[in-house]
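Worksheet: one structure, shown below.
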Amino acid sequence: MFRKILIANRGEIACRVIDTCRRLGVTTVAVYSDADRAARHVAMADEAVHIGGPAPRDSYLRGDAIIAAARETGAEAIHPGYGFLSENPDFVDAVEAAGLVFIGPNARAIRAMGLKDAAKTLMAEAGVPVVPGYQGANQDADHLQRQADQIGYPVLIKAVAGGGGKGMRLVERAPDFAAALASAQGEAATAFGNPAVLIEKYIQQPRHIEVQVFGDGVRAVHLFERDCSLQRRHQKVIEEAPAPGMTPEMRKAMGKAATRAAEAIRYSGAGTIEFIVDASEGLHPDRFWFMEMNTRLQVEHPVTEAITGVDLVEWQLRVASGEFLPKRQDELSITGHAFEARLYAEDVPAGFLPATGRLAHLAFPQNARIETGVRQGDTISPWYDPMIAKVVTHGATRAIALRALETALVDTEVAGTTTNVDFLIALTRHEGFRRGEVDTGLIARDIAELTDAAQPDARTRALAVIGLAGLDDPAKVGGMTLWQPLRRTIAWGDADSGGEALLEVLGPGRAHVTVDGSTLDIAYTGGRWWVDGGPRRSRIVRHDAGVSVFGGRSLTLGLRDPLARQGAAGGGGLTLSPMPGLVKAVYVTAGDEVHAGDRLAVLEAMKMEHTLTAARDGTVAEVLAAAGDQVEAGAPLIRLEEDAP
Ligand code: ADP
């Protein structure tokens, strides 16, 4: 076993790797950017080395600086986590050239799986089922059209070098093929410097089921499957293991295909084989197909750990330090069911826009495993993935584990940034999901109800008003201490957005709050809040940014976060970049007339495209950015002329 390793990552995954290292007595070295000086992973590690500026290309993507840090501190191996350099074969070569061990597969295996067409061909040769389609070298448009016609519509065009859903086009009918092909090739050429595409049969109502594999360079085992069908725009939201409705024969077939895939490339370390499954008529052993292999530890690995009892990071360290596989296939089994929910700083009603802010209050539930890279008082900065934590639950059955997830999320408290917690809670209560009827289209189909259930209602607002009035203190409510009889107006917020309510205290632990035109009866008795006679699981929490109500529908009233306002238009005349990103397109030039809501520019950030629109009517005075520019958060992009007096 290694004596000391360096972790070339940040956030929750760096912390998670350190946890296992501590247990194994391995000394850890963290690396950090300017933005992460005081981050949790730096505080947890035995040593830490500063490697550069906040932008990933200036720090966490700088292989040279990371290798230098490992040599300086005497680390013997580098754990890449996920993202950043974890699937970069050139980095693996450089690590090995420096006489260090890369905790993961070798560069050859990463390259073999790097391009979708080569990976599919390789897997087909190894006898692994692949999605029917064309993944050949001939990229002539007429030839590709004939291939698509032969496969039968609908088909999916995919960039062979693709990732993150880019360069992907769904084509429903033959006449639309040529145009879709041209646009996929164009996008692929810009994004990946490689216009080549492959064509695939489009699976209707698919499920995403992936198999965790582990190899030691000779042999491979699988640690069963995870179902990651609950996705929003191809991003996983809640994952679970095992897959609902899985049959023993299907599991056997998928496990066999996955280990065959890993052994075909003499894989070493933790990897995931992603399959797409046609579940339109239940699960069948002949209806799953290889999609791609991720040659690293996955975000959702904890659900596999929960059902198998294996610490995958421990296995990674043992195998990288020269051990054979710690267990044989027949020594692995499934116990119970597990879920993972990804808690993000994001504004769900605003279209899941990434959010930032200082975590004025942060409390996690006791009944779940929490993987996090932040503490109360830390800041979710615009520089990195805005994940706050992964909430993982395990139970004897799927129903028990799902109920535990719901409770854990209800008991999760985050203030200082807006989060997706109420959206996640709404998902745990979704009828179809409860029944295990998942497919990748579930969230999109029910997005309206799911987002609606995640909005604060009048009851939540009324409880927040109680908090603002200072009546939430257990010493002052209920019991013997009387609320002072009074009638007053409580106001919150600032000039941009705020509101007020009328508060009428009726007696000990009882008040009326009139807000948004309705009057609600609030009581505190028996250690809980009651609204209009119904008990609430709500908790009122005061912190230095205001007052929050948690418990299913959350709301914070009071001081606003200054970072969150950087994205706002300055007086409506200046459009600022809401986050660091790449300007994809600018639709206006100086002198153009625009109307409120008109599209001004498209920004690509956090793996998504964001359309920036005019905040008011006006004339464009100045365009301060051009397509192709990399911009910082808060950078001015477009200025409108001052309003005529
Ligand atoms: P990327 O590497 O760009 O993320 P993937 O090949 O992993 O692309 O596919 C991303 C997602 O697109 C999958 O998780 C699945 O939801 C959907 N998808 C991919 N291939 C197909 C297909 N043949 N039919 C239907 N949906 C697909």
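Whatever order the structure lists them in is the order used to number ligands and atoms, beginning at 1. Both backbone and side-chain heavy atoms feed into the values below; hydrogens, waters and symmetry mates do not.
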note = Closest heavy-atom approach to atom 16 (O) of ligand 1 among K236, Q231, H208 is made by Q231
Atom 13 (C) of ligand 1 [closest protein heavy-atom partner, distance rounded to 0.1 Å] = M291 SD, 3.8 Å
inquiry  = Below 3.5 Å, N or O to N or O, backbone or side chain included: is there any such pair between T440 and ligand 1?
reply    = no
inquiry  = Tell me whether the rings of H222 and F224 are parallel (<30°), tilted (30 to 60°) or perpendicular (>60°).
reply    = perpendicular
task = Could you list which atoms of ligand 1 come closer than 4.0 Å to a heavy atom of K116?
result = 1 (P), 2 (O), 5 (P), 6 (O), 8 (O)
task = Kindly say whether E281 contributes a backbone atom to a donor-acceptor pair with the side chain of H284 at under 3.5 angstrom?
result = yes
task = Measure the distance from atom 10 (C) of ligand 1 to every protein heavy atom, then report the residue, atom name and distance (to 0.1 Å) of the closest one.
result = M168 CE, 4.1 Å
message = Any nitrogen or oxygen of E292, side chain or backbone, less than 3.5 Å from one on ligand 1?
response = yes
query = Donor-acceptor pair, E305 side chain versus L312 backbone, under 3.5 Å?
reply = yes
Separation between CZ of R108 and OG of S268, rounded to the nearest 0.5 Å = 10.0 Å
message = Has R434 got a side-chain atom pairing as donor or acceptor with T428's backbone, closer than 3.5 angstrom?
response = yes
key: I203-ligand 1 polar pair, N/O distance under 3.5 Å   = yes
query = Rounded to the nearest 0.5 Å, how far apart are CG of D439 and CD of Q205?
reply = 4.5 Å
request  = Looking only at protein heavy atoms, identify the closest one to atom 11 (C) of ligand 1 and say how far it is in Å.
outcome  = H234 ND1, 3.4 Å
Contacting atoms of ligand 1, where contact means under 4.0 angstrom from a heavy atom of I276 = 18 (N), 20 (N), 21 (C), 22 (C), 24 (N), 25 (C), 26 (N), 27 (C)
note = Taken to the nearest 0.5 Å, the spacing of R296 CZ from N88 CG works out to 13.0 Å
task = May I have the step-by-step check of ring-ring contact (aromatic ring centres under 6.0 Å, His included) for Y384 and Y60, ending in yes or no?
result = CA-CA 10 Å; Y384 311 109; Y60 299 107; 5.7 Å; yes
request  = Report the part of K158 (side chain from C-beta onward, or backbone N, CA, C, O) that has a heavy atom under 4.0 Å from ligand 1; answer both or neither where that applies.
outcome  = side chain
key: Nearest protein heavy atom with distance in Å, relative to atom 3 (O) of ligand 1   = G165 N, 2.6 Å
